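What you see is a predicted model, and the numbers here were worked out from it, not measured in a lab. Numbers restart at 1 for each chain; the letters A, B, ... are given by sequence-line order, proteins then strands. Only this structure's heavy atoms are used, side chains among them; waters, hydrogens and symmetry mates stay out.
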There are 2 protein chains.
Amino acid sequence: MAGPTIYDVATAAGVATSTVSRAFTNPGRVSATTRDRVLAVAAELGYRPNPHARALLSGRHHTVAMVVSDITNPHYFELIRGAEMRARISEYTLLLVNAEESPRVEWEQIQRLSPAVDGFVLAASRLPDENLRQVAAQRPVVLMSRELPGLASVVLDHGEGCRQVVAHLASLGHRELLYLAGPRNSWMAGTRWTVLRSAAEQAGMTVRRSGPFTPKVAQGGAAADAAVNDGATAIVAHNDLLAIGVMQRLAQRGIRVPEEVSVVGFDDIFAADVCTPRLTTLGGAHVDVGRAAVELLLTAGSRPPDDAPRITLPTQLVLRDSTGQRQ
Amino acid sequence: MAGPTIYDVATAAGVATSTVSRAFTNPGRVSATTRDRVLAVAAELGYRPNPHARALLSGRHHTVAMVVSDITNPHYFELIRGAEMRARISEYTLLLVNAEESPRVEWEQIQRLSPAVDGFVLAASRLPDENLRQVAAQRPVVLMSRELPGLASVVLDHGEGCRQVVAHLASLGHRELLYLAGPRNSWMAGTRWTVLRSAAEQAGMTVRRSGPFTPKVAQGGAAADAAVNDGATAIVAHNDLLAIGVMQRLAQRGIRVPEEVSVVGFDDIFAADVCTPRLTTLGGAHVDVGRAAVELLLTAGSRPPDDAPRITLPTQLVLRDSTGQRQ
DNA sequence: AACAAGATGGCAACCCCTTGCCGTCGGTTG
DNA sequence: CAACCGACGGCAAGGGGTTGCCATCTTGTT
């Protein structure tokens with residue numbers, strides 16, 4: 001079961017364990033001849049260092065944990081991909097954890113993993129600010145799709161993005177906008193609403209909010225009916241899943257998109273491009289968000305602890321077929 | 001940085017480290033009074049056991065690695081979700097690793113992680129049989145979407161599933177079937193072709209194969225053109241992504257689905273239900289595949305090593321709008 | 001030829017926790 | 001009251017590496 005250890009290699013090569021260790025971790029510290037012999041023996045024996053033993057002493061684990069608020073949401077896939085890619089480049093291992101939309105689960109998982117990882121990437125954390133600060137006090141933390149003063153974060157620039165959404169809808173003649181809100185404890189949901197509202201008011205549009213809705217396709221029905229009841233001609237849904245659900249329900253009710261109602265989503269998930277009508281949505285390079293977050297985490301040690309970088313990546317409004325001229 | 005250790009707790013509680021350790025891991029071994037005191041002190045100090053130190057001694061890490069051949073493919077999401085859920089139930093941590101469709105990368109990652117995990121779940125591994133056996137000799141392994149004598153595996157029952165696909169198409173009057181094949185080193189791609197062919201021949205249909213194609217939407221264009229050139233009225237694509245790409249290209253060329261050509265995919269990914277026309281596809285409970293695989297892995301110790309269970313879960317043919325009567 | 005300085009390897013402590021074994025103590029039994 | 005026994009705590013040896021420090025061996029210098 002257990003592979004050969006540093007002791008086996010040392011014996012076989014006729015050196016001390018310290019020499020074997022140094023041959024791997026500090027090659028300059030042993031002569032080329034010895035090193036080659038040790039490495040040869042190690043290779044022959046199939047020796048591989050035990051990361052746990054190494055982590056035990058050094059405190060560095062070469063592992064980062066990514067906590068995702070809901071692994072069900074395809075949107076996170078891109079974040080995960082980006083994070084995984086960046087971690088792999090530095091030969092870090094990515095631990096994936098699902099918080100199931102539960103702050104309690106999220107907290108427990110973080111506490112459990114805390115002694116075993118070098119840091120956390122928290123994607124759309126549902127934790128209260130205070131808890132986030134506690135985590136950050138223990139370990140380096142980078143937030144994704146959430147901001148908190150004092151903590152490093154990577155987010156898409158929703159300020160500009162939402163202004164573009166509003167401009168797009170306003171230019172099509174819409175005067176009233178309804179935002180179908182996401183979960184209450186989602187920072188992103190709050191931000192979208194704040195920014196949409198101010199942008200819309202500046203554009204002279206009326207804005208209202210409905211919700212919160214769990215951002216899943218299945219919830220789209222209820223959300224759509226709320227929208228119909230509201231009477232707005234332009235709907236901005238918390239994310240693409242909800243938007244797709246809304247469109248399905250509208251189709252069911254015989255309400256045409258975009259002729260009668262325009263619908264906009266967020267995230268630009270894969271399905272947005274294949275549904276009917278194809279969904280206009282505010283997307284962005286989510287892979288880059290994942291990448292940047294891990295990047296930040298890996299370089300956390302080289303920054304003064306009170307200097308928490310906040311990276312804002314550009315969004316891009318993807319115009320498709322779910323938005324149109326107001327009738 | 002480092003939290004309090006067992007020594008800190010021992011000192012604070014006025015007992016030996018062994019007592020602290022036992023208070024956590026072997027509660028019956030210390031008196032209730034002592035245990036309570038130790039636990040209280042530990043809680044107060046915020047002590048949490050270091051999993052590495054624990055793993056070092058016990059050899060059990062409470063961690064399983066899931067290696068995914070291509071994390072880009074939404075199909076794997078469900079597998080990942082299922083695996084993550086099952087792991088969490090047993091308080092295991094899931095390590096997610098992407099092999100980027102490269103057998104070399106896959107192999108390296110496995111070797112690197114091998115000393116640090118209790119076992120591997122390999123999803124659609126692209127590794128040659130021989131390498132899989134080597135891995136299995138080191139660590140418990142469970143395959144997903146792949147079978148190999150002697151190794152535990154969880155797959156969807158493509159035998160019956162493909163027969164249903166063929167029966168469905170045959171019943172609609174189709175006499176010729178074209179399979180758009182997946183990657184060459186994908187076991188699933190080989191299996192699908194084998195099973196489809198025999199089922200089709202038995203049903204008196206002509207079967208041909210084209211490809212291999214990388215199973216992504218972007219490759220659908222080339223695949224569609226190959227299909228058009230072939231002239232078959234029924235297309236079975238290696239997976240939903242490819243099928244969606246095919247349909248996009250067909251639409252672009254003015255070929256109507258399902259009136260002129262029927263298209264079937266595999267996996268029943270989320271997008272299959274929202275694309276136009278909605279895609280007929282052979283799905284299954286992929287979450288259960290992920291769940292079962294981890295389950296198998298966690299119970300691997302309690303089985304004789306030469307008894308490798310092979311779990312076959314039922315598929316379900318989901319009829320939607322991309323298949324129709326042959327004209 | 002004598003000596004300083006650098007290169008190299010080994011010793012042993014340490015990282016944090018688990019566990020086999022032993023000693024102590026209070027209580028039971030005859 | 002002695003002999004025994006079980007319950008409970010502590011000691012110390014790992015488990016697999018890393019690393020500060022010291023000893024030895026080269027090599028170069030004058």
Side-chain angles (χ1 to χ4, degrees), chain A residues 1-39 41-42 45-63 111-118 138-139, chain B residues 1-39 41-42 45-63 111-118 138-139:
Chain A
M1 171 119 218
T5 74
I6 203 172
Y7 291 89
D8 302 322
V9 177
T11 309
V15 296
T17 59
S18 46
T19 307
V20 178
S21 174
R22 284 194 271 254
F24 282 95
T25 58
N26 194 355
R29 187 61 178 66
V30 308
S31 71
T33 345
T34 314
R35 173 166 15 105
D36 290 348
R37 183 155 45 91
V38 169
L39 294 185
V41 170
L45 261 49
Y47 165 77
R48 255 156 312 121
N50 181 324
H52 289 307
R54 198 176 281 206
L56 189 52
L57 187 54
S58 67
R60 319 223 66 230
H61 315 76
H62 260 240
T63 300
Q111 292 309 312
R112 190 171 69 84
L113 256 26
S114 180
V117 301
D118 291 327
Q138 299 170 11
R139 291 278 167 195
Chain B
M1 171 117 224
T5 75
I6 204 174
Y7 289 90
D8 302 321
V9 178
T11 308
V15 296
T17 60
S18 45
T19 306
V20 177
S21 174
R22 283 195 272 253
F24 282 95
T25 58
N26 195 356
R29 188 63 177 66
V30 311
S31 71
T33 344
T34 315
R35 173 164 14 105
D36 290 348
R37 183 157 43 94
V38 169
L39 295 185
V41 170
L45 260 49
Y47 166 77
R48 256 156 308 124
N50 181 325
H52 289 307
R54 197 176 280 205
L56 187 52
L57 189 54
S58 68
R60 320 222 65 228
H61 314 76
H62 260 241
T63 299
Q111 292 309 312
R112 190 170 71 83
L113 257 26
S114 180
V117 301
D118 292 327
Q138 299 171 11
R139 291 278 167 194

**Message:** What's A:R35 touching, base or sugar-phosphate or nothing? Going by heavy atoms closer than 4.0 Å.
**Reply:** nothing

**Request:** In whole angstrom, give the distance that lies between atom CD1 of A:I6 and atom C1' of D:dT18.
**Result:** 8 Å

**Item:** Out of D:dG16, C:dC17, C:dC21, whichever nucleotide has its closest atom nearest the side chain of B:P49
**Value:** C:dC17

**Request:** Please work out which of the three classes, parallel, tilted or perpendicular, describes the rings of B:H61 and A:H52, given edges at 30° and 60°.
**Result:** parallel

**Prompt:** Separation of A:L56 atom CG from C:dC14 atom P, in whole Å?
**Reply:** 14 Å

**Message:** Quick one: does any side-chain atom of A:R22 pair with a main-chain N or O of A:V30 as donor and acceptor, under 3.5 Å?
**Reply:** no

**Request:** Verify, without hydrogens or angle tests, whether B:R48 (side chain) and A:P115 (backbone) share a donor-acceptor contact under 3.5 angstrom.
**Result:** no

**Asked** How long is the line joining OH of A:Y7 and P of D:dG17, in whole Å?
**Response** 9 Å

**Asked** For the pair made of CZ in B:R54 and P in C:dC15, what is the distance, rounded to whole Å?
**Response** 19 Å

**Message:** Does B:S18 contact D:dC11 through a side-chain donor or acceptor facing the base, at a distance under 3.5 Å?
**Reply:** yes

**Request:** Tell me what B:V15 touches on the nucleic acid: a base, only sugar-phosphate, or nothing, going by heavy atoms under 4.0 Å.
**Result:** sugar-phosphate

**Asked** Does a side-chain N or O from A:S21 land closer than 4.0 Å to OP1 or OP2 of D:dT18, or not?
**Response** yes

**Prompt:** Please give, in whole Å, the distance from C:dT19 P to B:F24 CZ?
**Reply:** 15 Å

**Asked** Nearest-Å distance, NE2 (A:H61) to P (D:dT18)?
**Response** 14 Å

**Item:** Stepwise side-chain contact (heavy atoms from CB on, under 4.5 Å) test for A:S21 and A:T25
**Value:** CA-CA 6 Å; A:S21 174; A:T25 58; 4.1 Å; yes

**Nearest to side-chain heavy atoms of A:Y47, which nucleotide of D:dG17, C:dG9, D:dC8** = D:dG17

**Message:** Please report the distance, rounded to the nearest Å, between CG in B:N50 and C1' in C:dC14.
**Reply:** 14 Å

**Protein-nucleotide distance (A:L57, atom CG; D:dT19, atom P), rounded to Å** = 6 Å

**Request:** Measure distances between side-chain N and O atoms of B:R22 and base N and O atoms of D:dG10, and say whether any donor-acceptor pair falls under 3.5 Å.
**Result:** yes

Strictly under 3.5 Å: I want the nitrogen or oxygen pairs between protein and nucleotides 5-7 of chain C, one per line.
none

**Request:** Would you indicate what B:T19 reaches in the nucleic acid, counting non-hydrogen atoms under 4.0 angstrom: base, sugar-phosphate, or nothing?
**Result:** sugar-phosphate

